[in-house]
Structures are given as C-alpha cells and as structure tokens.
Number of protein chains: 2
Amino acid sequence: MRKSLSSATPVRTRDPERTKGQILEAALSEFASNGFDGAKVHQIAQRAGCNARLIYHYFESKERLYTAALSRIYSEIRAREDELHLDTLPPEHAIKRLTETTFDFFESNTAFLAITRSENLLGGRFIAQVPEIQKMSTPFLDKISDVLTRGHAEGAFREGLDPLQLYVSIVALSAHHINASHTLSATFGCDVSGKEWRQHRRRHVVEMIRSAVTAVESTL
Amino acid sequence: MRKSLSSATPVRTRDPERTKGQILEAALSEFASNGFDGAKVHQIAQRAGCNARLIYHYFESKERLYTAALSRIYSEIRAREDELHLDTLPPEHAIKRLTETTFDFFESNTAFLAITRSENLLGGRFIAQVPEIQKMSTPFLDKISDVLTRGHAEGAFREGLDPLQLYVSIVALSAHHINASHTLSATFGCDVSGKEWRQHRRRHVVEMIRSAVTAVESTL
DNA sequence: AAAATAATTCAATTTTCATTTACTTAACCG
DNA sequence: CGGTTAAGTAAATGAAAATTGAATTATTTT
C-alpha cells in the first residue's frame, strides 16, 4: 500500500541532542513571533531542519513543546537576576544598574516578552507548570528591598518604597514600548523600534526611576 | 438534493443593524479573550445569537471582522481623550487627572488592552487599515505639551519634559500589570488582578508620575 | 398585491493543521 | 558482525474551523 522509501531520501545524521536543541530553538522563535495558536508545528519542524514527526518523538505534543519553550525563557531571566549583584553597589548605582540591565535585557532578548505575551493571552494556562517560576520571586525582591533600605538609611532614598511596585514599574517602563511597538508606532506616527527612539526612552526610564526613589527636600 | 427547510425552523426577527451590532460586540469579546487565531467564527456567531453565515454576509471575512473590532476599540479611546479637557485644569491637576483616568480606563475597558495585545502579536498586520488611528496622536500630544509648558512656566514642573515619553510611561505603568497579569502573578506569588493590589498600584503610579514631572530644588 | 430585495438558515465544501501509522535505517552493544 | 534500539522519514488520518452554496421567507418597493 505504502510506497517503499527509496534510497534517494536525503539522510539526516543522527544526533538526538542536536535535534532536540534545534527543535526548541525553532519553537522559541515561532511561538515568539506567532503565539501559541499562530505557531504551526510543521513550520517549527522546517525551521529546525527536521521532520515534524520528531517533535512528537521528543516533545510529545505542541503543548508540551510550548511549555518547554516557556521554561527555557524563564531560566534565562532567572540567570540574569542572579548576575546582578545589587548588594555590592551603592544604592543609587544599584537601582540604576537594575533599571538599565532590565531595559537592555528586554531589548536584546526579544523572545522573553513575546512568549510572555502569548502566555498571558492564553490566560496563563501553562505558566504554573514551569518549575523555574516557583523559586524566582522572593529572593530577588528581598535583594531590591535591601537596596531600598540601605538607600533610605543613607538619606538618599525616600521612605516606604515598595520593592514589588518599583520592580513592576521598571519592567513596565522597559517593556511596554516593545510589547506594543506596532500599535504605538501607528498611533503616534513614529517608529518606537528605531534605535534613536529607544536610546531616548532608555534615558527617560532611568531618570524616571531615579526620581521615583530619590528623597525630596522636606516639604513641610 | 438539499432538504427543503421546514417551517419548524425558529425564525429570527430581521434587523440588520441589531445583528451587525451584536456580531461586532461578540467579536470584540472573543478576539479580546482569545486573540485573532484563538477566536472561532462559530463561537462569535453563537455569542451573537445568530448564524455564522451572517458574519460573512455582513463582514466578508474573519479578518475584516477583526479590523472592524479594532476600529471600534480605537474610537472609544479617542472619545475618552477628547473628554479630558486638560487645558482647563492647573498643571498638577491635569497630569494627575490624565494619569488616573488612563489607569482607570484600562481597568474598566479590558477589551482595549486585550485587542491591542493581539494586534501586536500579529505584528501590526491590520492596524494601518484603521481610519481612527490616523488622526489621533498629534492633537492629544499637543495638549499634554501645553500642560507641561504651563507647569514649567509656573515653576512647578521641571524643564525639558518630553510629552510622548511621559504619556508612553503613563500608559506603560497603567497597562503592564493588566497585560501581564498571569505571568506577574505567577512570578511574584500574588494576585495582581485583585482589588487591593490594584488600588495600591494606582497610588504608586500616580505618585511616580507626579515625582517625574515635579521640579526639584536646584541641585547645584 | 405582485415583484424585488436582502436577511436568514442549514448543510455542504474546502482548508488547515495537529497528530499517527507504518516503515526505514543508522548507530550502538554484545 | 548480527541484532536491537531508537532516530528518522513520508504520507495518511481525522478533527476542527473557515468559508460558501443554495434555498427560504420577512420586509420593502412599486
């Protein structure tokens, strides 16, 4: 019934690790550019340079592949947080550095925001299954909290700053123009993805965070 | 060949305007909750309480329906901007009001951010076709610019503030926790959609924008 | 009131796409 | 080496979903 596979078939050298890796890479960029529903399994296979069947061989389903991509992305951001070493810097520098590296991370790691967006569109269907997510938050927020406390002790920072609110703000200010680049560009008739615009924005964001934490002369 | 339609069929009262409206409403919420690829035409029809064929009758295709939904959403935000009347308020109040109403708008108009997110995921494929988009930006930015100029003239605001950067920041701070509610909640182990969290955030955002525009004692 | 128009329905048709079946063969293991 | 395992391939399957065909009838027009 089925045509015998002729010897003319181009043969792929066997290498499970490489194949798995290529699939994950391809999945990452496909899910990033098209979201979960928009991404096509065959397209991912093609980009990985392998047969679509292999995706099922190694990842079982589109959903699992997506979850794997999600995990990968969160490992990266976690690694970045570990490298920050906020505790070794004077408070003002620590906050500046946190802001700048966050801003730069989103700019260079385009997949993070894109996949995150897709996951939020899905209503967070898969995020809970990502092991990396569990152990992230608290230690990192504690580090920020330490910086804020130090800064206030020195009289440089204002009192009662909330580390979570502050960090969410840093992320928001650094991410929104990337997340919404197309609609923003269309709305304001400028190219917010352009190099100059982004440099301009970077300065604005850094200054904004600085002024949010800096103590003001007593306004009594 | 085809079975004659029996008289037992429940008959829908004919009313093109109502039907069109219901379809658009349904489309809005379907596209908002599932994005373009995730939304299903039959589901939209069902929610609109009509036959799926009517969607093609009135809107020609899924893509056109999506574009119509996009237009609708942008009309709303445009209308809101017109109602702000920033010019009648003292500068500090104007900025505060702009911040608060932006924040509140996103919270109550959940469809706007959701559809915007979908459109950005699609790489801005349709936004250019939306007529409402063309005439938005500049007049509104001019109004903000006026407020900033007035504020600086009074000595209340700092010099050289960029209206576009400021407005993008207001939007970013007001939108990010909604756009990314699921991943943020998972990451930080708290419910950023909860009422208290949002109220807390609102205060934080307002204060942040205030401190960004307020003039500081000369740091010479 | 007859004819024309267009709103509406049901059931195809067609497309797209995730997933599977059935097979082939390279690489490893004794 | 011979045999087993698992990596890989091509093509089919089947379900979901977009789109269309063709008939029906409410409403409007003349």
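So you know, we letter chains A, B, ... as the sequences are listed, proteins then strands, and number each from 1.
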A.B. asks: Return each pair, listed once, that meets side chain to side chain donor-acceptor pair (under 3.5 Å) where at least one residue sits in residues 39-48 of chain B; pairs must be two or more places apart or across chains.
C.D. replies: B:Ser29-B:Arg47, B:Glu30-B:Arg47
A.B. asks: Output every pair passing side chain to side chain donor-acceptor pair (under 3.5 Å) with a member in residues 177-196 of chain A, not counting sequence neighbours, ordered by first then second residue.
C.D. replies: A:Thr183-B:Asn120
A.B. asks: Return the set of residues passing salt bridge (charged side-chain N to carboxylate O under 4.0 Å, His left out) with B:Arg53 (not counting sequence neighbours), or none when no residue passes.
C.D. replies: none
A.B. asks: State plainly whether the residues A:Glu207 and A:Arg210 are in salt-bridge range, i.e. N to O under 4.0 Å.
C.D. replies: yes
A.B. asks: Go through the structure and list residues passing side-chain contact (heavy atoms from CB on, under 4.5 Å) with A:Pro91, not counting sequence neighbours.
C.D. replies: A:Val147, A:Arg150, A:Glu154, A:Phe157
A.B. asks: Compute the bend angle of the helix from C:dA1-D:dT30 to C:dG30-D:dC1 from the end axes (five pairs per end), rounded to 10°.
C.D. replies: 10°
A.B. asks: Of the options A:Thr99, A:Leu98, A:Leu141, A:Leu148, which is the one that meets A:Leu166 in a side-chain contact (heavy atoms from CB on, under 4.5 Å)?
C.D. replies: A:Leu148
A.B. asks: Any salt bridge (charged side-chain N to carboxylate O under 4.0 Å, His left out) involving residues 114-127 of chain B? Give me the pairs, sequence neighbours left out, ordered by first then second residue.
C.D. replies: B:Glu63-B:Arg125
A.B. asks: Could you tell me if the side chain of A:Arg198 sits less than 4.5 Å from the side chain of A:Ile178, heavy atoms only?
C.D. replies: yes
A.B. asks: Heavy atoms within less than 4.0 Å of DNA chain C: which residues of residues 13-22 of chain A have one? Give them sorted by number.
C.D. replies: A:Thr13, A:Arg14
A.B. asks: Tell me which residues in residues 31-52 of chain A lie within less than 4.0 Å of DNA chain C, going by non-hydrogen atoms.
C.D. replies: A:Ala39, A:Lys40, A:Val41, A:His42
A.B. asks: Less than 4.0 angstrom from a charged side-chain N to a carboxylate O is my criterion; do A:Glu17 and A:Lys20 meet it?
C.D. replies: yes
A.B. asks: Tell me every residue that passes salt bridge (charged side-chain N to carboxylate O under 4.0 Å, His left out) with B:Glu100, counting only those two or more places apart in sequence or in another chain.
C.D. replies: B:Lys96, B:Arg202
A.B. asks: Using the test side-chain hydrogen bond (donor to acceptor under 3.5 Å, both in side chains), find all partners of A:Ser75 that sit at least two apart in sequence or belong to another chain.
C.D. replies: A:Glu132
A.B. asks: Please list, in numerical order, the residues of residues 54-70 of chain B that have a heavy atom closer than 4.0 Å to any atom of DNA chain C.
C.D. replies: B:Leu54, B:His57, B:Tyr58
A.B. asks: Restricting to salt bridge (charged side-chain N to carboxylate O under 4.0 Å, His left out), what partner residues turn up for A:Glu76, sequence neighbours left out?
C.D. replies: A:Arg72
